[in-house]
Amino acid sequence: MSLLSVENLHVHFVSRGLDNEVRTAKALNGVSFQVGEGEVLGLVGETGAGKSLTALALLGLLRPPAQVVQGRVLFEGKELGVIDRGQADAVRGKRITLIPQSPKTSLDPLARIGDQLVRMQREHGETSKARATERALKMLAQVQIPDPESRMQAWPHELSGGMAQRMLIAAGLINSPRLVIADEPTTGLDLTVQAEVLDTLRRLVKANGMSAIIITHDLGIVAHYCDRMAVMFAGAIVEEGPVREVFREQRHPYTGSLIASTPKQIARQGFAQVGGTPPDLYALPQGCTYRDRCTKAQAVCSTPVPTATFASGHRAFCHFPSGPVA
Ligand SMILES: Nc1ncnc2c1ncn2[C@@H]1O[C@H](COP(=O)(O)OP(=O)(O)O)[C@@H](O)[C@H]1O
Ligand code: SF4
Ligand SMILES: [Mg+2]
């Protein structure tokens with residue numbers, strides 16, 4: 001059984017335009033994917049695809065005008081109320097945690113590092129301050145923050161970018177979650193620090209038998225740090241499967257163009273760019289939303305898109321996927 005199962009999740013933003021007309025942006029359009037026990041899933045796609053929104057929905061953090069209009073999320077076999085805050089709170093922050101993108105906006109600037117780590121544990125049921133302090137120290141050492149004892153006394157602004165991101169990993173893991181969601185956790189860090197931070201995250205997730213979702217627009221990160229990947233376009237997953245399988249053979253044309261535009265492929269095969277712009281979420285076309293940008297599009301592509309299943313749980317949502325369908 002999967003640890004997490006997201007089934008046909010639809011999220012809309014409903015607002016009124018200047019003419020007082022009701023407008024609906026269909027930001028998530030039937031997102032479905034699973035995360036297995038002990039697995040690291042890479043959720044990848046261009047900006048605006050709906051990756052962060054998916055994370056917020058999983059964490060029960062969506063607020064109006066965002067509305068879950070359809071779908072469900074199963075976590076540890078139980079349905080998680082993505083709208084009902086009370087229900088989500090029992091899980092959120094303890095069983096499912098978020099490692100956000102920006103340390104600057106995520107750390108409390110008015111509290112010392114150690115106090116923040118202790119407070120997070122106390123908010124989730126730890127009754128002993130001494131135990132919480134000991135665990136905070138251990139966690140700082142595990143994320144390889146040098147001299148943890150003196151760093152416990154540091155203020156967030158005293159940490160470098162890489163250290164602050166390590167602190168966010170410590171915060172995300174301190175309550176021993178089953179699933180950690182890291183939303184673009186290393187954007188803005190230089191490449192060496194990025195690799196060190198992601199190595200640390202993956203090592204700790206694997207060592208503690210946790211699962212993780214790494215959200216990124218960087219396929220290099222997916223290739224290095226993830227076991228499986230789900231490719232998102234216009235609020236839906238268009239392809240998912242084991243990372244090696246998907247890199248070996250892309251079944252959906254969008255995944256193909258994403259991989260062709262990575263620096264490694266460009267060095268090999270010349271410059272290729274993912275052409276076109278994301279579709280208008282207020283006026284999504286019927287059928288396949290990638291059709292205006294797809295070189296394989298046919299008339300049938302404006303009808304509902306079927307699921308094509310291949311070996312090793314590799315799936316693509318396309319009328320004309322590459323390769324023979326199982
Ligand atoms: N209040 C809003 N009203 C309408 N659309 C919104 C609103 N907030 C976010 N969106 C849209 O939801 C889509 C998904 O955004 P997001 O999940 O942040 O994308 P990603 O993380 O993949 O870059 C974007 O296209 C964004 O424009
Ligand atoms: S369904 Fe049609 S338009 Fe969409 S990706 Fe597949 S071939 Fe292209
Ligand atoms: Mg985002």
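Both counts, for ligands and for their atoms, begin at 1 and track the order of listing. The model shown is predicted, which means the values in this text are computed figures rather than measured ones.
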Q: Take His252 and Tyr290 through the test ring-ring contact (aromatic ring centres under 6.0 Å, His included) and record every step on the way to the result.
A: CA-CA 10 Å; His252 192 283; Tyr290 187 59; 5.8 Å; yes
Q) Would you call Lys26 and Asp280 a salt bridge, using N to O less than 4.0 angstrom? A) no
Q. Is any NZ, NE, NH1 or NH2 atom of the basic residue among Arg135 and Glu126 found under 4.0 Å from an Asp or Glu carboxylate oxygen of the other?
A. no
Q. Is the shortest heavy-atom distance from the side chain of Val31 to the side chain of Val11 under 4.5 Å?
A. no
**Q.** Partner set under side chain to side chain donor-acceptor pair (under 3.5 Å) for Asp115, not counting sequence neighbours
**A.** none
Q | Pairs meeting criterion side-chain hydrogen bond (donor to acceptor under 3.5 Å, both in side chains) with involvement of residues 10-25, two or more places apart | A | Asn8-His10
Q | Distance below 2.8 Å from atom 4 (Fe) of ligand 2: protein N/O/S atoms | A | Cys288 SG
Q: Please test Arg315 against Glu240 for salt bridge (charged side-chain N to carboxylate O under 4.0 Å, His left out), starting from the C-alpha separation and ending with a verdict.
A: CA-CA 5 Å; Arg315 298 192 303 160; Glu240 71 166 310; 2.6 Å; yes
Q: Start with the C-alpha gap between Arg178 and Glu76, add the side-chain angles, then the distance that decides, and say whether salt bridge (charged side-chain N to carboxylate O under 4.0 Å, His left out) holds.
A: CA-CA 9 Å; Arg178 297 291 309 285; Glu76 297 177 316; 2.7 Å; yes
Q. Tyr254 ring centre to Arg293 NZ or CZ under 6.0 Å, with the angle to the axis within 45°?
A. no
Q | Contact residues of ligand 1 (heavy atom under 4.0 Å), by chain and number | A | Phe13, Ala25, Ala27, Glu46, Thr47, Gly48, Ala49, Gly50, Lys51, Ser52, Leu53, Leu281, Tyr282
